[in-house]
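Remarks on the structure that follows.
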Amino acid sequence: MARPTKAKALERLRKVLDAIHELENLRHDSPEFEKWRRDTQVAITNTFGNESRHIGDFTNIHFSPIVPLSDSEYQAIYLRGLKSAGVVLISMIEEIEEYWEDENQTPKPSETRENEQLSTNEVFIVHGRDEGAKNEVARFIEKLDLVPVILHEQANQGRTIIEKFEEHAQVGFTVALLTPDDVGALQDDKNNRKPRARQNVIFEFGYFIGKLGRKRVCALVQDDVEKPSDYDGVLYIPFDDSGGWKMGIIKELKTAGFKIDANRAFQT
């Protein structure tokens, strides 16, 4: 479902918010209230989506008691529910006003890049010297009916490495394998060397973050490999023998817009 424009979303929510004032003068069992409640659920769903927390925030509001009470107590709970609904709707409106982009605003470069990459099913595999890890990830990508791109498997055609890399970087997603192939330390702390990914891996990892956007780059980290400091705080997927990383990749691919049949990945 496509997200509505900012103006349309605000119009929908303000309409149901403004109706609360009239409902306060009606009984809790009025047909007008039942229509308003349904209209509000539809407005929130069509604004934020079926899976959003926003619809849950509204449906969790109680307009009636769990156990039978007197009519006056029933009416009091109804009025408190309307007040709570008003607060929730105001919060949603403020969220849209603050965080949604105006319709006439130019998309951010990263958003444009991500949209341009949706037409391809190729996934670039950034890797170091661990051939086993590289092949395992590539075969898994193939099982998802996607095309893994491994640079050294492509024809050179008389090009430099960077020329070859740039041509084959026209992909929709990247999986970067950070395996402990090198070690490194600060100049004044040479006795405290830590496992690191190869320099080409870090370079290509950063290249694809800039080219595709962070949502289309997934990093698999093996053991205690030192992570790039500029990318610290971002969640990595542990590359372990249990295979839990596979579901992590599937989740990231789906979030990036790929149509993935997870059952294919685990067929023998």
Side-chain angles (χ1 to χ4, degrees), residues 1 3 45 48-56 110-111 113-151 153 168-181 195-198 200-202 204-268:
M1 181 185 69
R3 193 172 80 168
T45 298
F48 296 103
N50 285 316
E51 304 299 326
S52 72
R53 61 175 176 79
H54 303 80
I55 189 62
S110 61
E111 294 172 348
R113 289 195 299 269
E114 289 178 11
N115 292 335
E116 289 174 348
Q117 298 298 330
L118 285 174
S119 60
T120 178
N121 66 342
E122 292 186 327
V123 177
F124 198 101
I125 309 296
V126 174
H127 65 91
R129 290 180 172 174
D130 193 326
E131 292 292 317
K134 176 199 69 177
N135 292 330
E136 186 176 3
V137 172
R139 301 297 81 79
F140 176 72
I141 294 299
E142 288 177 340
K143 281 190 172 183
L144 297 177
D145 205 23
L146 301 174
V147 179
V149 176
I150 298 173
L151 190 61
E153 294 181 354
H168 291 287
Q170 309 306 315
V171 297
F173 196 86
T174 295
V175 177
L177 260 170
L178 275 61
T179 53
D181 301 319
R196 291 179 177 177
R198 289 184 58 78
N200 75 287
V201 172
I202 301 302
E204 293 171 18
F205 182 33
Y207 176 90
F208 280 111
I209 291 172
K211 179 177 176 61
L212 303 180
R214 287 180 294 165
K215 293 181 180 179
R216 296 188 177 279
V217 179
C218 171
L220 298 180
V221 179
Q222 191 175 58
D223 302 329
D224 56 348
V225 172
E226 189 175 44
K227 305 176 184 67
S229 58
D230 286 349
Y231 206 56
D232 198 23
V234 176
L235 293 179
Y236 293 83
I237 298 176
F239 185 73
D240 50 29
D241 295 334
S242 66
W245 56 272
K246 296 179 180 179
M247 289 306 300
I249 289 183
I250 289 174
K251 181 179 178 181
E252 296 300 324
L253 285 167
K254 285 185 174 181
T255 301
F258 288 84
K259 304 300 181 183
I260 300 296
D261 181 2
N263 292 325
R264 291 177 59 91
F266 301 99
Q267 291 175 352
T268 57

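Only a predicted model underlies this, so the values are computations on that prediction, with no experimental measurement involved. Positions are given from 1 along the sequence.
Inter-residue side-chain proximity for Val123 and Val175 is flagged as met; some heavy-atom pair is nearer than 4.5 Å. Contact check for Arg216 versus Phe258: side-chain heavy atoms found under the 4.5 Å cut-off.
Between Trp245 and Phe140, the ring planes are perpendicular. Angles over 60° get that label, and only those under 30° would be called parallel.
Rounding to the nearest 0.5 Å gives a distance of 6.5 Å between CG of Leu144 and CG of Leu253. With rounding to the nearest 0.5 Å, the separation of CG in Leu178 from CG in Asp223 is 11.5 Å. With rounding to the nearest 0.5 angstrom, the CZ atom of Phe173 is 12.5 Å from the NZ atom of Lys215. Atoms OG1 and CD, from Thr174 and Glu204 in turn, are 9.0 Å apart once rounded to the nearest 0.5 Å. Taking NE2 of His127 as the reference point, atom CG of Asn135 lies at 9.0 Å (rounded to 0.5 Å). For the atom pair NZ of Lys246 and CD of Glu136, the computed distance is 5.5 Å after rounding to the nearest 0.5 Å.
When all heavy atoms are compared, the tightest approach of Pro238 to Tyr236 is CD-O, 3.6 Å. Ile249 approaches Leu220 most closely through the heavy-atom pair CD1-CD1, 3.8 Å. Heavy atoms only, all atoms of each residue included: Leu212 and Val171 are closest at CD2-O, 3.5 Å. Of all non-hydrogen atoms in Gly248 and Ile237, the two that sit nearest each other are C-CD1, 3.6 Å. When all heavy atoms of Val225 and Ala197 are compared, the pair lying nearest together is CG1-N, 3.7 Å. Across all non-hydrogen atoms, the minimal contact from Thr45 to Ile55 is OG1-CD1, 3.6 Å.
Glu131 meets the side chain to side chain donor-acceptor pair (under 3.5 Å) test with Lys134; sequence neighbours excluded. Applying the side-chain contact (heavy atoms from CB on, under 4.5 Å) rule to Arg198 yields the partners Arg129, Asp181, Asp182, Asn200, Val201; only residues at least two apart in sequence or on another chain are considered.
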Next on the checklist: As a quick check of understanding, evaluate side-chain contact (heavy atoms from CB on, under 4.5 Å) for Thr120 and Val147, giving each step before the final call.
Outcome noted: CA-CA 9 Å; Thr120 178; Val147 179; over 6 Å; no

Checklist entry - Could you walk me through whether Phe124 and Leu151 pass the side-chain contact (heavy atoms from CB on, under 4.5 Å) check? => result CA-CA 8 Å; Phe124 198 101; Leu151 190 61; 4.0 Å; yes

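Atom CD of Glu51 sits in a sparse spot, with 12 or fewer heavy atoms from other residues, nucleotides or ligands closer than 6.0 Å.
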